[in-house]
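So that the names make sense, note that chain A is the first sequence line, chain B the second, and so on, each numbered from 1.
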2 protein chains.
Amino acid sequence: MLRISKLTDYGIVLLTHFAELSALGEDETHNARQMAEATSLPLPVVSKILKGLVQERILVSQRGSKGGYALGRRPEEIRISEVIAALEGPIAMVECSAGPGHCDVEASCRVRDPWQRINRAIQETLERVTLADLVSGAPGALVQIAARQPDAVPADR
Amino acid sequence: MLRISKLTDYGIVLLTHFAELSALGEDETHNARQMAEATSLPLPVVSKILKGLVQERILVSQRGSKGGYALGRRPEEIRISEVIAALEGPIAMVECSAGPGHCDVEASCRVRDPWQRINRAIQETLERVTLADLVSGAPGALVQIAARQPDAVPADR
DNA sequence: AGCATATCGGACCGGAGCGGTCCTGTAAAT
DNA sequence: ATTTACAGGACCGCTCCGGTCCGATATGCT
């Protein structure tokens, strides 16, 4: 299916919401519960995703009481490719693209090199899209919250 | 990981071999066993993949004794995107890109539209690469693809 | 100091889908 | 009629994903 994982999809939604809040001047940290409520996503899932994004410095975290998360950089500096890489590892369409040693006949493989190029093309496409591109337009963002119901998870309320 | 399935990867390898045989003037049909031996892949797997490729007319099949498979079109007319679609369904990075009805709040979703564009960009990247590009020793086309600016992602800023 | 809050890091688990096998039916050649 | 080979399934183990939970740590407040 050539799909990204659901977690990554949710991650984009969460980051979009962060960017919207940031655009409104609310640059303080927001905790996981607030983000979960705003996006209608389960809290544990949100928590897991935000943790993953912190490790790649896409978000910065503040522990303890009054703690929470905030964007680590400006939305224009956050590329979609980075988000995907943070949440599901390196972008590699086939194993052998991620590094050597994944295939025992890679020395003689005739398609490895073409795959590398295709992979690069996709990667560069994803690098050209930033978080700022996703939130642009559509003023009146405050009312319209990026709420996505997970279709596999029953609404637990 | 943004990866294609192993089956699809094998499918590309098999098709590459078909194209090479075709370039040598050997245009007869080749049966699954021959292809399995030539690529060192298990016969049942090869059989399964070839069956899938026939359904999308990428290969044509000949039943019975002396039967086998052959390319359904010229290598220049077989796009990688078609191969992926044949073996693992429509190219959709998120469920809601594959069609309506996958998400119950898609009407108000703020990130759906951006995802559609990203999805299209990837799809078009994959459409630009044909089987002929993969077998040509000097993949000039692929270099161009990687360098080309895909205007498919319109900067909507 | 002590308590409450909230992230951090990891373990844990059920289910879906993938990789892979096998079996029965059918078409074609000898 | 027999043999060959594709067609179309069912089937199954295994991995990985989506999702939950818990203990540890860091911070703010009283």
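Glu37(A) places its CD atom 11 Å from the P atom of dA6(C), with the value rounded to the nearest Å. The separation between Ile4(B) atom CD1 and dC18(C) atom P is 13 Å, rounded to whole Å. Atoms CG (Leu41(A)) and C1' (dG19(D)) sit 12 Å apart, rounded to a whole Å. Spacing between atom CG of Leu53(B) and atom C1' of dC6(D) amounts to 14 Å, rounded to whole angstrom units. Taking atom CZ of residue Arg33(A) and atom C1' of nucleotide dA4(C), one finds them 12 Å apart after rounding to whole Å. One atom, NE2 of His30(B), and another, P of dC6(D), lie 12 Å apart when rounded to the nearest Å. The interatomic distance linking Met35(B) (CE) with dC6(D) (P) rounds to 11 Å, in whole Å. Atom C1' of nucleotide dG9(D) and atom CD of Gln55(B) are separated by 11 Å, given to the nearest angstrom.
Looking only at distances, no side-chain donor or acceptor of Ser22(B) sits under 3.5 Å from a matching main-chain atom of Phe18(B).
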Could you write nucleotides 20-30 of chain C as a row of B, S and -, 5' to 3', where a protein heavy atom under 4.0 Å of any base atom gives B, of only sugar-phosphate atoms gives S, and otherwise -?
-> BB---BBBBS-
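Between the side chains of Ser81(A) and Gln123(A), no donor-acceptor pair of N or O atoms lies under 3.5 Å.
Under the rule for a side chain to side chain donor-acceptor pair (under 3.5 Å), Gln55(A) has no partner lying at least two apart in sequence or in another chain.
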Mind running side chain to side chain donor-acceptor pair (under 3.5 Å) on Glu76(B) and Thr130(B) for me, showing each step along the way?
-> CA-CA 6 Å; Glu76(B) 306 85 54; Thr130(B) 72; over 6 Å; no
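One finds a salt bridge joining Arg73(A) and Glu82(A) here, because a Lys/Arg side-chain nitrogen approaches an Asp/Glu carboxylate oxygen to under 4.0 Å. Salt-bridge annotation for Arg120(B) and Glu124(B): present, with a side-chain N of the basic residue lying under 4.0 Å from a carboxylate O of the acidic one.
Using a 4.0 Å cut-off, no side-chain N or O of Ser61(B) falls inside it from OP1 or OP2 of dA5(D).
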